[in-house]
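One structure below.
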Amino acid sequence: MVQLYNLHPFGSQQVVPCKLEPERFCGGGRDALFVAAGCKVEAFAVAGQELCQPRCAFSTLGRVLRLAYSEAGDYLVAIEEKNKATFLRAYVNWRSKRTENSRVCIRMIGHNVEGAFSKAFRDQMYIIEMPLSEVPLCISCCPVKGDLLVGCTNKLVLFSLKYQIINEEFSLLDFERSLIIHIDNITPVEISFCVGYVAVMSDLEVLILKLEPGPKNGERVHHNPHKTNNRMRWTEEGISNEISQLESDDFVICQKPLELLGEKSEQSGLSVTLESTGLADEKRKYSHFQHLLYRRFAPDISSYVLSDDIKLHSLQLLPVYQTGSLTSDGKNLSQEKELLSLFCFFSLPHVGYLYMVVKSVELMSVYQYPEKSQQAVLTPQFLHVITSNNLQCFTVRCSAAAAREEDPYMDTTLKIDYSNTYKTVKTQSCIHLLSEAHLLVRAALMDASQLEPGEKAELLEAFKESCGHLGDCYSRLDSQHSHLTLPYYKMSGLSMAEVLARMDWTVEDGLQKYERGLIFYINHSLYENLDEELSEELAAKVVQMFYVAEPKQVPHILCSPSMKNINPLTAMSYLRKLDTSGFSSILVTLTKAAVALKMGDLDMHRNEMKSHSEMKLVCGFILEPRLLIQQRKGQIVPTELALHLKETQPGLLVASVLGLQKNNKIGIEEADSFFKVLCAKDEDTTPQLLVDFWEAQLVACLPDVVLQELFFKLTSQYMWRLSKRQPPDTTPLRTSEDLINACSHYGLIYPWVHILISSDSLADKNYTEDLSKLQSLICGPSFDIASIIPFLEPLSEDTIAGLSVHVLCRTRLKEYEQCIDILLERCPEAVIPYANHELKEENRTLWWKKLLPELCRRIKCGGEKYQLYLSSLKETLSIVAVELELKDFMNVLPEDGTAAFFLPYLLYCSRKKSLT
């Protein structure tokens with residue numbers, strides 16, 4: 001908070017030509033001012049630089065004691081006194097009052113207007129009388145909804161704003177008394193009401209409540225007021241009687257000062273109950289409440305001041321809105337008005353208090369006045385205080401606090417031509433002044449809908465400029481808040497080169513010192529994959545800066561895409577200095593190897609890469625992924641080192657990317673894109689190096705990898721290459737045997753598959769490798785066979801390779817009879833090995849129910865495969881003779897078979913019992 005001496009943010013000053021000495025006044029929105037004097041209210045038009053012009057005047061029933069205007073509903077409400085009687089009246093449609101003698105309609109609250117009278121109410125001002133059983137003491141209008149709250153002794157009465165619909169073209173403003181808030185032992189001097197928040201102030205007490213809709217905890221809320229706790233009331237009455245007795249003996253009893261926040265404010269001793277008046281339960285706006293704040297002040301009796309000098313004044317609830325959201329180019333995303341936060345202000349003669357009361361209740365600021373105050377008015381940007389001799393102005397943080405509640409990661413609370421005077425001053429005062437200027441600009445931008453396009457552009461420019469100045473200050477300071485350099489420079493819109501150009505590079509006493517703020521900003525900016533390349537000169541300055549301030553970061557910053565233009569010799573010289581300074585590490589080694597490639601020194605590159613084991617090299621790449629992978633303009637770009645490793649050490653490259661994925665340094669899709677870009681393949685082509693990476697993922701059993709998705713990628717690639725007879729573009733890093741030995745997801749290939757495959761001669765070894773890997777995956781325990789059946793069509797069964805895959809899949813789906821038919825037709829020599837491996841336990845009956853009769857049928861037909869079928873039949877009979885009893889065995893034999901052929905098997909079956 002800063003007090004602005006002899007400076008007020010007013011564009012002009014105007015004199016209001018009142019006919020009588022003003023007694024009460026209030027603003028009428030953005031274009032009107034009301035002044036009450038005697039039994040008359042004058043309305044003045046306030047617009048631009050022109051003088052205030054009389055707009056209309058109307059008579060009141062009596063002398064105006066209180067006056068308030070509501071922008072919602074556009075009405076004026078007044079407490080008036082006549083003949084010692086007090087009245088509450090609302091003046092509606094006052095803009096239609098042409099002359100002082102124009103007709104005025106008067107009606108009672110809630111009175112229904114007949115259609116015949118609607119035209120009169122539409123074209124002239126009308127007054128709504130609101131009778132009360134108690135004397136109204138103070139009033140407040142909700143700035144959002146237009147509801148009216150009236151303060152009386154020990155109670156507050158809420159009138160809800162509503163509209164009587166007369167016809168389709170006209171509705172009539174009206175009120176309905178909806179709620180009475182009973183507050184024992186308090187006489188309100190001022191009240192304030194805003195969207196359900198109620199603030200009540202007596203001479204030395206302030207109470208804030210939040211009215212809430214709906215029954216609490218599902219309870220039914222009754223219309224009659226709740227009983228006050230008898231014990232509390234008895235205690236209060238006892239204290240009151242005791243105080244009266246003591247005061248009669250010339251003693252003054254003062255209660256202790258007290259501040260209670262949140263739920264603790266229920267312990268204030270004030271009994272609060274709600275009484276609903278006339279609305280049905282389901283339509284009630286408020287049915288219970290929440291205590292937010294209670295504060296009690298005590299007079300300083302040591303100063304012996306008069307009681308009038310220690311009374312509270314200027315109670316105010318201030319809502320802060322945002323209209324729309326600003327984009328980076330200054331455009332509004334929407335024009336919807338949103339309540340961001342709510343603040344409460346009240347003041348003693350020499351000190352003011354500002355609380356935030358939304359989400360959490362906290363004291364934000366305390367304002368000390370150099371002179372006794374008479375009245376104070378709070379706005380989102382300033383606190384204006386009328387003192388005994390001056391109009392004083394203080395900056396406030398309402399808008400900034402509201403913005404921080406909305407976006408806690410953008411610090412706009414800190415705690416512009418004028419500031420240039422202090423450009424080189426390294427003091428908190430400079431930051432304090434700049435922060436206040438920044439806050440004022442930020443606050444003005446909160447409600448951008450009220451600005452002209454030219455004004456908005458100027459404010460945005462001033463906002464960016466203030467952010468740049470604040471970034472400069474924090475960059476030069478070595479304090480706990482130096483990290484704020486980053487957000488302020490980001491909000492300023494300055495490029496990294498522009499920020500560096502603002503720095504003072506002069507050396508003092510032969511030593512160059514770089515503060516934490518600047519180092520923090522540069523370091524984070526270099527990590528953010530900015531599409532900005534520093535010049536060779538600036539890049540050299542940056543590496544020199546980090547070598548002095550944070551030498552361990554030098555390898556990291558050299559890997560940034562923004563440092564692309566640095567001279568390799570300069571980079572190597574600093575890396576060698578790190579070696580001699582004792583900072584040598586695997587990261588320094590890899591960075592030197594990368595720089596050596598840029599220099600074209602392959603011998604140095606090889607020496608650096610050989611100085612550590614492959615495992616350590618992988619760890620180094622995990623520490624700094626940008627040695628292999630960078631991003632430019634949102635696209636993945638392999639580094640020169642990655643391209644070199646693809647040709648010379650592809651295994652290390654795959655292991656390193658796998659390590660990055662395992663440590664969450666790269667995503668699955670990013671890794672796939674990296675290998676495609678690295679191998680110069682389009683999206684529809686899969687390089688072998690990517691297949692190697694997928695296989696490595698299966699071997700590593702990464703928890704984040706979805707197995708079935710990985711299986712699908714690999715099987716799709718294997719099948720595509722088999723169907724196209726397309727060899728891989730590079731030699732695979734692992735053979736099928738390697739994968740079976742290293743990974744549980746690759747299973748041992750069934751023996752009958754080898755017999756089936758041996759019947760076909762495949763010239764290309766890589767072709768057989770793809771087939772073996774696919775067969776091994778299908779034979780593995782984790783593979784979901786049903787998921788690939790729809791994709792088997794390109795792999796034709798006309799080839800032995802395709803046939804083996806189809807039969808394997810059908811076997812895994814337990815379609816054994818179909819597989820037997822296929823093998824008998826295409827590869828009879830594989831039938832018996834197939835049956836020995838697959839027809840076990842509950843499937844053993846297929847030996848005599850499917851295989852035996854099928855072989856007999858085919859032998860009868862003869863043909864070129866007769867000998868193969870006959871050999872298979874003999875082996876089948878040997879198995880069946882062991883499994884079945886003689887009677888059952890005879891039943892499965894063909895009736896037209898040759899007895900001499902089957903006799904040996906029958907004899908073996910009949911003798912097996914005696915043999916066992």
Side-chain angles (χ1 to χ4, degrees), residues 747-762 775 778-779 785 797-916:
L748 285 171
I749 301 174
Y750 303 154
W752 59 266
V753 177
H754 293 295
I755 297 173
L756 180 60
I757 293 300
S758 65
S759 64
D760 185 31
S761 57
L762 296 174
Q775 292 168 343
I778 298 173
C779 294
I785 301 298
E797 292 187 46
D798 295 338
T799 64
I800 292 297
L803 179 67
S804 67
V805 174
H806 281 273
V807 174
L808 263 176
C809 289
R810 289 194 177 107
T811 300
R812 290 294 307 274
L813 294 174
K814 299 184 178 181
E815 298 174 359
Y816 301 111
E817 295 188 35
Q818 293 183 33
C819 294
I820 290 172
D821 289 336
I822 293 172
L823 291 177
L824 284 173
E825 183 66 30
R826 297 288 301 278
C827 187
E829 59 268 36
V831 167
I832 296 303
Y834 177 87
N836 282 326
H837 190 268
E838 305 296 343
L839 304 184
K840 299 177 181 178
E841 299 176 354
E842 69 272 10
N843 300 315
R844 204 160 185 80
T845 59
L846 292 177
W847 280 96
W848 53 88
K849 288 184 178 181
K850 174 64 181 177
L851 184 57
L852 178 60
E854 189 63 32
L855 284 169
C856 292
R857 185 183 68 79
R858 290 177 183 266
I859 288 175
K860 287 180 184 178
C861 297
E864 59 182 15
K865 297 181 181 178
Y866 175 82
Q867 291 299 328
L868 290 174
Y869 292 145
L870 184 62
S871 174
S872 298
L873 176 61
K874 290 178 180 179
E875 292 191 50
T876 302
L877 287 171
S878 300
I879 297 295
V880 175
V882 173
E883 293 292 329
L884 298 180
E885 297 295 330
L886 179 61
K887 181 180 178 181
D888 296 329
F889 183 42
M890 292 182 65
N891 288 335
V892 301
L893 295 178
E895 295 179 356
D896 56 350
T898 304
F901 179 79
F902 293 103
L903 185 60
Y905 302 102
L906 288 169
L907 290 174
Y908 178 80
C909 185
S910 63
R911 293 174 183 170
K912 65 181 178 183
K913 271 193 176 180
S914 59
L915 291 173
T916 56

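Since we're looking at a predicted model, the values are computed, not measured.
Side-chain contact check for V807 versus V753: every heavy-atom pair is 4.5 Å or farther apart. Here the side chains of P894 and F902 are in contact, with some heavy-atom distance below 4.5 Å. Between H754 and W752, every side-chain heavy-atom pair lies at or beyond the 4.5 Å cut-off. Contact of the I822 side chain with the H806 side chain is not registered, since no non-hydrogen atoms from C-beta on lie closer than 4.5 Å. A heavy-atom distance below 4.5 Å is found between the side chains of N836 and W847. Between L803 and E797, some side-chain heavy-atom pair lies under the 4.5 Å cut-off. A heavy-atom distance below 4.5 Å is found between the side chains of D896 and K860. Put simply, the side chain of L846 does not reach to within 4.5 Å of the side chain of L851, judged on heavy atoms.
Between the CD atom of E883 and the SG atom of C909 there is a distance of 10.5 Å, given to the nearest 0.5 Å. How far CD1 of I749 is from CG of L808: 8.5 Å, rounded to the nearest 0.5 Å. Note that CD1 of I879 is 6.5 Å distant from CZ of R844, once rounded to the nearest 0.5 Å. Atom OG of S910 and atom CG of L886 lie 6.0 Å apart (nearest 0.5 Å). K850 NZ to T876 OG1: the interatomic distance, rounded to the nearest 0.5 Å, is 12.5 Å. Atom CD of E854 sits about 16.0 Å away from atom NZ of K849, to the nearest 0.5 Å.
Minimum interatomic distance between P833 and I755 (heavy atoms only, all atoms of both residues): CG-CD1, 3.3 Å. The heavy-atom pair separating I778 from C809 by the smallest distance is CD1-SG, 3.9 Å. Between R858 and D821, the shortest heavy-atom distance links the atoms NH2-O, 3.9 Å.
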Please tabulate, one pair per line, all N/O donor-acceptor pairs under 3.5 Å involving side-chain atoms of residues 865-874, not counting sequence neighbours.
unit_1, atom_1, unit_2, atom_2, d
K865, NZ, E825, O, 2.3
Y869, OH, L824, O, 2.8
S872, OG, L868, O, 3.0

Show, in sequence, the C-alpha distance, side-chain angles and deciding distance for Q818 and Y816, and conclude whether the side chain to side chain contact (heavy atoms under 4.5 Å, CB included) test is met.
CA-CA 6 Å; Q818 293 183 33; Y816 301 111; over 6 Å; no
Any chance you could lay out the side chain to side chain contact (heavy atoms under 4.5 Å, CB included) test for L839 and I820, step after step, and finish with the verdict?
CA-CA 10 Å; L839 304 184; I820 290 172; 4.0 Å; yes
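Counting only N and O atoms by type, the side chains of Y750 and T811 include no donor and acceptor under 3.5 Å apart.
Identified under the salt bridge (charged side-chain N to carboxylate O under 4.0 Å, His left out) test for residues 826-837, with sequence neighbours left out: none.
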